[in-house]
2 protein chains.
Amino acid sequence: MTSAPNVQPLSFEDLPGAVKALRERGMRLSTSRRLVLEALFAANGPVSAEQLAEQRGLELTSVYRNLETLERHGLVRHVHFGHGPGLYVLVGHGEHEYLFCDRCGTARAVEPDELDPVRAQIKSRFGHEARFAHFAIVGTCAECARARDNS
Amino acid sequence: MTSAPNVQPLSFEDLPGAVKALRERGMRLSTSRRLVLEALFAANGPVSAEQLAEQRGLELTSVYRNLETLERHGLVRHVHFGHGPGLYVLVGHGEHEYLFCDRCGTARAVEPDELDPVRAQIKSRFGHEARFAHFAIVGTCAECARARDNS
DNA sequence: ATACTTGCAAATGATTTGCCAGTGT
DNA sequence: ACACTGGCAAATCATTTGCAAGTAT
């Protein structure tokens, strides 16, 4: 049940880099695929397929198909913050995991190793190897917690 | 953005208890509502609306409506383990949170306080108050990790 | 009696699929 | 050329909603 056959590790931080990675995996660079990538680079965080589509005037179906392909080849992934559509991000270099506040709707990206101690704790207590890449860690952020406590 | 106005704390562990809690909240006990509750008690873990419907020969719509009502009044909640439908559980007495293994599909329920240290760690590192009630902690269980490592 | 519930059909939101025409390599 | 892509319509899955008829209190 392991995922796609991603042989070579990928790392890119700009469009040319992503195009190169994409080429190495035998994917073509069509106009809409390029536009999806551009929109993902332009975004400052996870975005929905619908946002990508309307930002670049693309067909929603085509955006979904491109995201699926990019995801299958490991250039993109998606995260859930709650109900509502999944949000897509470039994998690029360095995975991000998210702390999502369902009071103010803010998502804070954290570097993967910042959560390693948390994973280690869960692993040692339960034997379970937790991953927070697909579901954000939902809760109340520091600001909202403070606001709530001063009320 | 705080949820429902649940004045009195509720605690029940059998059907009569749930019916009492339900009555206290002014809800009626219709046939399908009782059947939904029975099915939830019979289930040994989170179940989908569809499972509940077919197990008791209920109209799916009615199951969803009852679950929504029960959830709004705090007797039921739902959890997501990945893609696919949300799964419903009785709130009863003692919340459970889940460690879900996406290799073997097993969900392990853990008592709320078992995750308190994890929550504390996240709180102290990020100021974020994490809740794992809505999204399970997804990853690889001990058995699957062992199997993977011995390969 | 009155408000809450159900059944059934239809709508919704997110995502996927079929099919044929178009295009990247 | 040939396989990969796009457009558009239609299907799918999970869930919600409208409305008239039924029922719990």
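Below, chain A is the first sequence line, B the second, and so on; all start at residue 1. Just so it is clear, the values below take in all heavy atoms, side chains as well, and ignore hydrogens, waters and symmetry mates.
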**Prompt:** Mapping Met27(B) and Arg23(A) to their closest nucleotides on DNA chain C, which lands nearer the 5' end?
**Reply:** Met27(B)
**Item:** Expected output: side-chain Arg25(A) to main-chain His73(A) donor-acceptor under 3.5 Å
**Value:** yes
**Which nucleotides of DNA chain C pair, in dot-bracket form (Watson-Crick or G-U under 3.5 Å, | meaning another strand)** = ||||||||||.|||.||||||||||
**Message:** At a heavy-atom distance below 4.0 Å, what parts of residues 58-66 of chain A sit against DNA chain C?
**Reply:** Leu60(A), Thr61(A), Tyr64(A), Arg65(A)
**Partner set under side chain to side chain contact (heavy atoms under 4.5 Å, CB included) for Thr106(A), not counting sequence neighbours** = Cys104(A)
**Asked** Should the pair Asp149(B)-Arg146(B) be classified as a salt bridge under the 4.0 Å nitrogen-to-oxygen rule?
**Response** no
**Message:** Can you list everything that forms a salt bridge (Lys or Arg N to Asp or Glu O under 4.0 Å) with Arg23(A)? Sequence neighbours excluded, please.
**Reply:** none
**Asked** Side-chain heavy atoms under 4.5 angstrom apart, residues restricted to Ile, Leu, Val, Met, Phe, Trp, Tyr: same cluster for Leu75(A) and Leu52(A)?
**Response** yes
**Asked** Any ion pair linking Glu38(A) and Arg56(A) (charged N to carboxylate O, less than 4.0 Å)?
**Response** yes
**Asked** Can you tell if the side chain of Pro117(B) reaches within under 4.5 Å of the side chain of Gln121(A), non-hydrogen atoms only?
**Response** yes
**Message:** Pairing donors with acceptors under 3.5 angstrom, does anything connect the side chains of Arg131(A) and Thr140(B)?
**Reply:** yes
**Request:** List in chain and number order the residues that pass side chain to side chain donor-acceptor pair (under 3.5 Å) with Glu111(B), two or more places apart in sequence or in another chain; answer none if no residue qualifies.
**Result:** none
**Asked** Between residues 31-46 of chain B and DNA chain C, which residues have a heavy-atom gap below 4.0 Å?
**Response** Ser32(B), Arg33(B)
**Message:** Ala133(A): which residues meet the side chain to side chain contact (heavy atoms under 4.5 Å, CB included) condition with it, sequence neighbours left out?
**Reply:** Arg77(A)
**Request:** For Ala107(B), enumerate each residue passing the side chain to side chain contact (heavy atoms under 4.5 Å, CB included) test, keeping only those at least two apart in sequence or located in another chain.
**Result:** Phe81(B), Tyr98(B), Phe100(B)
**Asked** So do His134(A) and His83(B) actually touch side chain to side chain, heavy atoms under 4.5 Å?
**Response** yes
**Prompt:** Which nucleotide span of DNA chain C, 5' end to 3' end, has atoms closer than 4.0 Å to non-hydrogen atoms of chain A?
**Reply:** dA14(C) to dT25(C)
**Message:** Measuring only between side-chain heavy atoms, which start at C-beta, is Glu13(B) closer than 4.5 Å to Phe41(B)?
**Reply:** no
**Flag side-chain contact, heavy atom, 4.5 Å: Leu37(A) against Leu22(A)** = yes
**Item:** Residues Glu129(B), Arg148(A): salt bridge by 4.0 Å N-O rule
**Value:** yes
**Item:** With sequence neighbours excluded, residues passing ring-ring contact (aromatic ring centres under 6.0 Å, His included) with Tyr88(A)
**Value:** His78(A)
**Prompt:** Looking just at side-chain N and O atoms, do His80(B) and His80(A) make a donor-acceptor pair shorter than 3.5 Å?
**Reply:** no
**Request:** Name the first nucleotide and the last nucleotide along DNA chain D (5' to 3') that come under 4.0 Å of a heavy atom in chain B.
**Result:** dA14(D) to dT25(D)
**Message:** With the threshold set at under 4.0 Å for non-hydrogen atoms, list the residues of residues 78-87 of chain B touching DNA chain D in residue-number order.
**Reply:** Pro85(B), Gly86(B)
